[in-house]
Amino acid sequence: MNETSTVEYDYGPSPCDMDRNRQVEQAAQLYVHSVICVLGLVGNILVIVTYTLYKRTKSMTDVYLLNVAVSDLMFVVTLPLIIYNEQYNWDMGNWACKLLRGMYSINLYSGMLLLACISGDRYISIVQARRSFRIRSRTMAYSRIICVLVWMVALGLSIPTFIYFKKYDENDNIVESSELDLINSGEREAVCDFWFENNSTAPLMKIMVPSTQVAVGFFLPFLIMCFCYSSIILTLLRAKNFQRHKAVRVVVAVVVVFIACHLPYNIALLYHIVDMFRPKDCKEQEWTEMALTITESLAYLHCCLNPVLYAFIGVKFRNHFLKILEDLWCLGKRYIYSRRSSRFTSEFYVSRKSTEGYNNENASSFTM
Amino acid sequence: MAQFSLTAASVLLLLSVALLCTNAAAACCSRYVENEISIARINGYSIQTNRGRCHINAVIFHTIKGKDLCADPAQPWVMNRIKFLREKVKSMKGSNTTSQAN
């Protein structure tokens with residue numbers, strides 16, 4: 001009965017527990033994501049406040065930048081909520097799971113596509129400068145329409161996430177068992193992840209959703225940015241001008257940071273997609289998951305670098321920002337003496353409006 | 001602005017408190033045994049579905065030695081073992097021994 005070979009069977013492949021990856025994930029969440037969260041909150045709120053309160057005249061790029069900041073801010077806000085729920089069994093419920101994951105997806109797509117729009121806008125104003133004069137008059141309307149379109153596309157692409165993400169019990173992965181205690185074990189760990197009612201849609205959607213993310217959420221904006229920014233650099237280099245060289249550096253910084261943040265994650269994701277159904281050891285499985293976790297944190301970092309790369313690097317924006325600090329300082333001083341702050345804010349609104357010029361040029365957002 | 005950084009700080013605090021307690025994650029099969037497992041070594045079984053976190057369908061056999069082994073449900077011998085175990089369970093007791101997770 002006990003053949004020699006059967007002893008070996010007990011050393012066969014067992015279910016892989018992902019404890020090590022779990023630890024890395026938790027470390028990333030604690031140390032990296034919290035820093036990203038705080039920096040992202042501060043940076044993007046500053047951008048939004050500056051644009052909504054101070055910059056009365058908005059160029060096409062300003063509209064995009066404001067939308068990027070809103071998208072990044074929403075992303076940064078959902079991040080701690082997701083982390084909180086992961087820790088506490090998703091006690092906010094199934095709808096929180098769907099909503100938070102869906103928001104996450106919408107902001108991922110909208111953020112990336114808007115960055116592509118910014119590159120396209122800069123391309124039109126710099127490379128196609130002559131033609132752009134004719135378009136300029138209609139640009140504001142265009143940029144609003146494009147932003148609405150981007151958000152619609154982002155929403156559309158996130159629909160599968162809304163539909164298929166579900167809060168469920170971790171033990172639900174086991175459909176049937178002869179061990180009663182396995183199913184009815186006291187500790188029920190809730191997760192928020194893909195859950196499919198159908199056995200055949202599962203593999204399809206598990207491939208489709210991340211593939212779309214890599215294609216539309218990375219490669220499409222990446223290609224658009226590569227085309228636009230390389231043409232911009234060529235145009236700028238042809239015009240020999242000191243200021244222009246600074247602009248080239250800004251462009252290079254924007255592209256390099258984009259690639260550094262998103263390329264590793266998308267390569268890891270692509271590998272994960274291709275590798276998903278291949279039989280593999282627990283070690284391999286662990287490495288793939290860990291690579292995803294680490295590169296994902298790096299990708300998150302991008303949303304707190306955007307305010308610096310796109311907004312604060314611009315001369316105009318920095319001036320507006322300095323004005324805010326100045327006004328805040330004055331406001332604070334005033335507030336201490338007289339508490340009628342509401343009248344005061346409306347007062348300085350008017351004065352701000354009158355002092356602001358209408359000579360905003362698109363390229364200003366990118367001269368240093 | 002000060003208000004915002006205050007909320008940020010409280011979020012941070014909440015985060016760090018939340019992260020101090022750790023949970024165990026569910027395990028998934030990622031490959032199958034190559035040889036058959038003799039029925040005498042099997043205590044019980046569980047069936048893993050690909051509908052959730054796990055990417056492949058699998059049968060997890062619980063051995064006498066207390067190990068879990070992943071088997072391919074497409075293999076005829078695997079289904080034979082399950083049939084045998086189901087019968088065994090049925091004969092041992094009434095209806096309350098088999099259960100559906102969802």
Side-chain angles (χ1 to χ4, degrees), chain A residues 1 3 5-6 8-10 12-19 22-23 26 29-30 33-34 37-38 41-42 45-46 80 83-84 87-88 168-180 182-184 189 191 193-199 202-203 206 276-277 279-282 284-285 328, chain B residues 1 4-5 7-9 11-12 14-16 18-19 21-38 40-41 43-58 60 62-65 67-71 85-86 88-89 96-102:
Chain A
M1 186 168 153
E3 312 120 57
S5 54
T6 47
E8 282 177 346
Y9 297 153
D10 273 26
S14 294
C16 312
D17 57 70
M18 290 286 140
D19 280 350
R22 206 44 193 229
Q23 280 165 8
Q26 277 172 347
Q29 283 175 350
L30 179 58
H33 295 187
S34 50
C37 194
V38 171
L41 270 178
V42 172
I45 285 173
L46 284 180
I83 295 171
Y84 166 82
Q87 294 303 316
Y88 289 108
Y168 65 93
D169 196 283
E170 240 175 352
N171 291 335
D172 287 355
N173 284 315
I174 302 297
V175 190
E176 182 189 327
S177 180
S178 61
E179 325 281 283
L180 267 177
L182 201 85
I183 286 174
N184 299 328
E189 223 55 80
V191 290
D193 210 327
F194 275 132
W195 182 263
F196 305 92
E197 298 307 325
N198 194 324
N199 251 352
K206 277 179 185 176
M276 197 182 288
F277 303 117
K280 51 187 162 293
D281 297 332
C282 290
E284 276 181 272
Q285 172 94 1
L328 267 180
Chain B
M1 225 69 272
F4 286 125
S5 36
T7 48
V11 162
L12 233 178
L14 199 78
L15 264 177
S16 44
L19 287 166
C21 36
T22 54
N23 313 322
C28 289
C29 290
S30 59
R31 71 183 302 168
Y32 304 125
V33 287
E34 273 145 27
N35 303 57
E36 292 184 17
I37 308 166
S38 84
R41 315 198 121 258
N43 236 353
Y45 72 95
S46 302
I47 295 175
Q48 165 187 310
T49 179
N50 69 350
R51 285 155 53 194
R53 270 206 171 163
C54 307
H55 299 314
I56 56 173
N57 290 314
I60 305 164
H62 311 297
T63 69
I64 291 167
K65 286 191 175 174
K67 270 211 91 174
D68 294 339
L69 294 177
C70 301
L85 288 164
R86 275 183 189 153
K88 202 168 125 188
V89 165
N96 64 333
T97 32
T98 48
S99 156
Q100 213 70 27
N102 39 314

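Convention: sequence-line order gives letters A, B, ...; per-chain numbering from 1.
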Undergrad: Below 4.5 Å from any heavy atom of chain B, which atoms of N198(A) appear? Answer side chain, backbone, both or neither.
TA: backbone
Undergrad: So do the side chains of Y45(B) and E176(A) get within less than 4.5 Å of each other, counting heavy atoms only?
TA: yes
Undergrad: Please answer whether the main-chain N or O of R51(B) pairs with a side-chain N or O of K206(A) as donor and acceptor at a distance below 3.5 Å.
TA: no
Undergrad: Measuring from N199(A):CG to T49(B):OG1, what's the distance to the nearest 0.5 Å?
TA: 4.5 Å
Undergrad: Count the heavy-atom pairs under 4.5 Å between each of E34(B), R31(B), Q48(B) and chain A, then report the option with the highest count.
TA: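 Looking at each of E34(B), R31(B), Q48(B) in turn, R31(B) comes out on top.
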Undergrad: Do H55(B) and M276(A) touch side chain to side chain, with heavy atoms closer than 4.5 Å?
TA: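 They are in contact (side-chain heavy atoms under 4.5 Å apart), so the answer is yes.
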Undergrad: Which atoms of I60(B) come close to chain A, meaning under 4.5 Å heavy atom to heavy atom: side chain ones, backbone ones, both, or neither?
TA: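 Only the side chain of I60(B) comes within 4.5 Å of chain A.
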Undergrad: Is there a side-chain contact between E170(A) and R53(B) (heavy atoms, below 4.5 Å)?
TA: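 Yes. Closest side-chain heavy atoms under 4.5 Å.
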Undergrad: Between G52(B) and W195(A), which heavy-atom pair has the shortest distance, and what is it?
TA: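 Answer, listing the atom of G52(B) first, then W195(A): CA-CE3, 3.3 Å.
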Undergrad: Can a donor-acceptor pair be found, under 3.5 Å and without considering hydrogens, that links the side chain of S46(B) to the backbone of I174(A)?
TA: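 Not at all, since once roles are kept as given, no pair shorter than 3.5 Å links the two residues.
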Undergrad: Distance-only, no hydrogens or angles: does the S30(B) side chain make a donor-acceptor pair with backbone N or O of K280(A) under 3.5 Å?
TA: yes
Undergrad: Please look at D193(A) and chain B and tell me whether the side chain, the backbone, both or neither of the residue comes under 4.5 angstrom of a heavy atom of that chain.
TA: side chain
Undergrad: Tell me, do P15(A) and C28(B) make a side-chain contact under 4.5 Å, heavy atoms counted?
TA: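 No. Closest side-chain heavy atoms not under 4.5 Å.
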Undergrad: So does A202(A) get a backbone contact from the side chain of N50(B), meaning a donor-acceptor N/O pair under 3.5 Å?
TA: no
Undergrad: Any chance you could measure I47(B), atom CD1, to S177(A), atom OG, to the nearest 0.5 Å?
TA: 8.5 Å
